[in-house]
Asker: 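Have a look at this one before I ask anything.
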Amino acid sequence: MSPASTGASSTLDAASPVITPSSDSRLTPGGPGYRRMSFALFLAGVATFALLYSTQALLPLISDDFGVAASEASWTVAAATGGLALFVLPMSALSERFGRRTVMTASLAVAVAVGLLVPFAPSIGALVALRAVQGAALAGLPASAQAYLAEEVRPRALVTAIGLFVAGNSVGGMSGRVITGWVAQMWGWRVSVGVIGVIAVGCAVAFRLLLPAPQHFKAGSLRPRVLLGTVRTHLSDPLLRRLYAIGALFMTVFGGVYTVIGYRLTGAPFGLPQGIVGSIFLVYLVGTVSASTAGRLVGRLGRRGALYLAGGTTTAGLLLSLAASLPLVLLGLVLITAGFFAGHAVASSAVSKTATHGRAQASALYQSAYYIGSSVGSTVGALAFHANGWTGTVSVGLLAILGVVTITVLGSRAARVAARPVAAH
C-alpha cells in the first residue's frame, strides 16, 4: 500500500525510531506477559457474557415467580442488551481518554456489583432496571478490549489474541446459561443468578490481577465534535449501513429464538426440565465452529454468497423448529445457530475491512446495532410467542432473514452499478 493510500508521509523523520522485530516491545506469543494478558481477557469475556445473558435460560421460572407473561419477562434480557447497545459508543470514547484497562476494570466492577443485587430484586420492574444498569456497565468491555489488544499485541499475533477474547465470550454465554439451568432446577432462579454473580466476581478479580499494565496507550481528549464527525461519516457510508442492518437482523433472529425456546421446550408437547433446557445452549459450540469457517466461506463464495448461505441455513433451521419432534427442533436450533454465527462473523469482519479510519467507532456502531437487534428480537419474539406461540416467533425470524436477503441483493445491485464504466461524453 502506498503512503498516499494510508495517509502517511512519504518520507521518514530521521528522528523517529524505526521499530524492528527486536525493538518492538509489544506482546507476542511465548513472550513475557502474553499468556497473562490472554487469560485475563478470556476471563473478562466469560464474565461479560455470563452476566449479560444470565436470565435468558430462566425466563419461564421468572414468569412464574412474578406472575408475568413471556413478553414481560423477556425485558430482563432486552434491557441488558439494550443498555449495552446504547453505551458502547460512549464507553469507547471514555477508553480513549482514561485508558482501556481502567475502563474495563470499572465496567466489570459495576456489572459484578449489580449482579450480586439481581437475586434480591423484589419485582419484575426492579429486575429489569438492574439488568439495564448491568448492560450499560458491561458496554465498557467490548468497547475497550479490542483497542487494548491492537495497542499492546504485535500485529501477527492480533488475530489469535482477539480469537481468545471472543472464545471467552462464547464460553461465558454458553456456560452461563447451562449453569443457571441446572442450578435453577434445584434451588430456583434467584440462587442461579447469584451463582453467576459469584463466578463473575472471581473472573473480575483475576482479570485485574493478571492483565498487564498498558505500555503503548496514549490518552486522547474527549472531543464530542470529532467523535460525532467520525460517527456521521460511518453512517453516511452505504456499505457500512447495510452491514450494520445485517448484523442487527441476524441478531433479531437469534435473540428471539433463544429468549423463547425455554418456554417452548418446558411446555407441551415436550415438558423438559429446566436443567435440560439450559443444556440446550451447548448448541453454541456449533456456532463457534461456523464462525471460525466464515473466512473460508468468504474466500469461496464471496461476502454476499456467504451471507446468502448463512441466511439460507438459518431459514432452514427456523422451519425445522416448527416440528413437534424434539430431534427436529434440536436440529433446527443447530442450523439457526450455525447460520447466525457465520452471518455475524462475515458482517462484523467486513466492517473492519470497510472502515478506513475510526475503526473503533465503526466497530462500536456495529456492536450497537447488533445488541439493538438482540433487544428487539427478545421483545418482539416474546410478544409474537404470547400471541401465536412458536409459529409467531418463527415468523419474526423469517421476516428478519428476508430483510438480510433483501439488503444483500440491494448491495449486489449497487456493486454492479458502481462497477459499470462511465460513459464517455
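Just so you know, these numbers come straight off a predicted model, no measurement behind them.
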Asker: Rounded to the nearest 0.5 Å, what's the gap from CZ on Arg241 to CD1 on Ile407? Could you check?
Answerer: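 Rounded to the nearest 0.5 Å, the CZ-CD1 separation comes to 11.0 Å.
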Asker: Work out which heavy atom in Ser321 is nearest to a heavy atom in Val394; give both atom names and the distance.
Answerer: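 Residues Ser321 and Val394, closest heavy atoms: OG-CG2, 3.7 Å.
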Asker: Taking only residues two or more places apart in sequence or in another chain, which ones pass side-chain contact (heavy atoms from CB on, under 4.5 Å) with Thr393?
Answerer: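 Val260, Phe385, Trp390.
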Asker: Apply side-chain contact (heavy atoms from CB on, under 4.5 Å) to the pair Met104 and Arg208, showing each step before the final yes or no.
Answerer: CA-CA 9 Å; Met104 287 189 285; Arg208 187 61 181 83; over 6 Å; no
Asker: With sequence neighbours excluded, give me every side chain to side chain donor-acceptor pair (under 3.5 Å) pair touching residues 193-207.
Answerer: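 The answer is none; no pair qualifies.
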Asker: CG of Leu210 to CZ of Arg36: how many Å apart, nearest 0.5 Å?
Answerer: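 Those atoms lie 6.0 Å apart.
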Asker: Do the side chain of Arg303 and the main chain of Ala350 share a donor and acceptor less than 3.5 angstrom apart?
Answerer: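 No, because the side chain of Arg303 does not come within donor-acceptor range (under 3.5 Å) of the backbone of Ala350.
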Asker: For Leu51, does its backbone N or O pair with a side-chain atom of Ser54 as donor and acceptor, under 3.5 Å?
Answerer: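 Yes, the answer is positive, given that a donor and an acceptor are paired below the 3.5 Å cut-off.
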Asker: Side chains of Phe49 and Arg177: does their closest heavy-atom pair fall under 4.5 Å?
Answerer: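 Phe49 vs Arg177: side chains apart.
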Asker: Given the rule in the side-chain contact (heavy atoms from CB on, under 4.5 Å) test, do Val346 and Phe250 qualify, once you have shown the distances and angles that lead to the verdict?
Answerer: CA-CA 11 Å; Val346 171; Phe250 266 119; over 6 Å; no
Asker: Give the minimum heavy-atom separation between Leu41 and Ala145, together with the two atoms involved.
Answerer: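 Between these two residues, the closest heavy atoms are CD2-CB, 4.4 Å.
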Asker: Between Thr76 and Val128 (side chain of the first, backbone of the second, donor and acceptor by atom type, cut-off under 3.5 Å), is there such a pair?
Answerer: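 A pair under 3.5 Å: no.
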Asker: Determine the interplanar angle of the Tyr284 and Phe281 rings, folded into 0 to 90°, and report it as parallel if under 30°, tilted if 30 to 60°, perpendicular if over 60°.
Answerer: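 If you compare the ring of Tyr284 with that of Phe281, the planes turn out perpendicular.
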Asker: If you define the side chain from C-beta out and look only at heavy atoms, does anything of Asp65 sit under 4.5 Å from Leu61?
Answerer: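 When only atoms from C-beta onward are counted, Leu61 and Asp65 do not touch, as no gap falls below 4.5 Å.
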Asker: Between Phe341 and Phe254 (judged by ring centroids, cut-off 6.0 Å), do the two rings come close enough to count as a pair?
Answerer: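 Phe341 vs Phe254: aromatic centres under 6.0 Å.
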Asker: Indicate the atoms forming the closest heavy-atom contact of Ser192 with Gly181, along with that distance.
Answerer: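 In this case the closest contact between Ser192 and Gly181 is OG-N, 4.5 Å.
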Asker: Check the pair Leu309, Arg300 against side-chain contact (heavy atoms from CB on, under 4.5 Å), reporting the backbone distance first and the verdict last.
Answerer: CA-CA 12 Å; Leu309 180 59; Arg300 292 182 179 181; over 6 Å; no
Asker: Would you find a donor on one side and an acceptor on the other, under 3.5 Å apart, between the side chain of Ser374 and the backbone of Tyr370?
Answerer: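 It does not hold such a pair.
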Asker: Do Tyr53 and Thr180 have side-chain atoms, one donor and one acceptor, less than 3.5 Å apart?
Answerer: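 Absent: no donor and acceptor within the cut-off.
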Asker: Search all heavy atoms of Val329 against all heavy atoms of Ala323 and return the closest pair with its distance.
Answerer: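 Nearest pair, atom of Val329 first, then Ala323: CG2-O, 3.3 Å.
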Asker: For Phe120, look at atom CZ and say whether over 12 heavy atoms of other residues, nucleotides or ligands are found less than 6.0 Å away.
Answerer: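 Open: at most 12 neighbouring heavy atoms sit under 6.0 Å from CZ of Phe120.
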Asker: Establish, from distance only, whether the side-chain atoms of Trp189 and Thr55 form a donor-acceptor pair under 3.5 Å.
Answerer: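 Not at all, the side chains of Trp189 and Thr55 share no donor-acceptor pair under 3.5 Å.
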Asker: With side chains defined as the heavy atoms from C-beta onward, is the minimum distance between Tyr308 and Ser412 less than 4.5 Å?
Answerer: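 Yes; the side chains approach each other to less than 4.5 Å.
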Asker: CG/Leu326 to CZ/Arg264 distance, rounded to the nearest 0.5 angstrom?
Answerer: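 Reported to 0.5 Å precision, the distance equals 9.0 Å.
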Asker: Does the side chain of His234 reach to within under 4.5 Å of the side chain of Asp237, using non-hydrogen atoms?
Answerer: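 His234 vs Asp237: side chains apart.
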Asker: In Å, rounded to the nearest 0.5 Å, how long is the span from CG of Leu138 to CG of Leu52?
Answerer: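 CG of Leu52 is found 6.0 Å from CG of Leu138.
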Asker: To check you understand the geometry: which heavy-atom pair defines the closest contact between Val110 and Ala137, and what is its length?
Answerer: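 Distance-wise, the nearest heavy atoms are CG1-CB, 3.7 Å.
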Asker: Is there a side-chain contact between Val404 and Val253, using heavy atoms and a 4.5 Å cut-off?
Answerer: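 No, their side chains stay 4.5 Å or more apart.
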Asker: Distance check, rounded to the nearest 0.5 Å: Ile261 atom CD1 versus Ile280 atom CD1?
Answerer: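 It comes to 7.5 Å.
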Asker: Report yes if some heavy atom in the side chain of Pro212 is under 4.5 Å from a heavy atom in the side chain of Glu152; otherwise report no.
Answerer: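 They are not in side-chain contact.
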Asker: Verify side-chain contact (heavy atoms from CB on, under 4.5 Å) between Ile179 and Ile199, making sure each step is shown before the conclusion.
Answerer: CA-CA 11 Å; Ile179 290 170; Ile199 292 173; 4.0 Å; yes
Asker: Would you indicate whether the side-chain heavy atoms of Leu86 and Tyr371 approach each other to under 4.5 Å?
Answerer: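 No - every pair of side-chain heavy atoms lies 4.5 Å or more apart.
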Asker: Between the side chains of Tyr263 and Ser63, does any donor sit under 3.5 Å from an acceptor?
Answerer: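 Yes, Ser63 and Tyr263 have a side-chain donor paired with an acceptor closer than 3.5 Å.
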Asker: Spell out, as yes or no, whether a donor-acceptor pair under 3.5 Å connects the side chain of Ser95 to the backbone of Ser92.
Answerer: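 Checked: pair present.
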Asker: If you measure from OG1 on Thr391 to CG on Leu398, what distance do you get to the nearest 0.5 Å?
Answerer: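 The OG1 atom of Thr391 sits 10.5 Å away from the CG atom of Leu398.
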Asker: Determine whether a donor-acceptor pair (N or O, by modelled atom type, separation under 3.5 Å) exists between the side chain of Gln274 and the backbone of Ala57.
Answerer: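 Yes, because the side chain of Gln274 sits within donor-acceptor range (under 3.5 Å) of the backbone of Ala57.
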Asker: Please report the shortest heavy-atom distance between Cys203 and Val46, naming the atom on each side.
Answerer: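 Reported closest heavy-atom pair: SG-CG1, 4.2 Å.
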Asker: Within the 4.5 Å heavy-atom criterion, are Leu320 and Ile336 side-chain neighbours or not?
Answerer: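 Side-chain contact under 4.5 Å: no.
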Asker: Would you tell me whether Thr81 and Ser375 have side-chain atoms, one donor and one acceptor, within less than 3.5 Å of each other?
Answerer: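 Distance-only check passes for Thr81 and Ser375.
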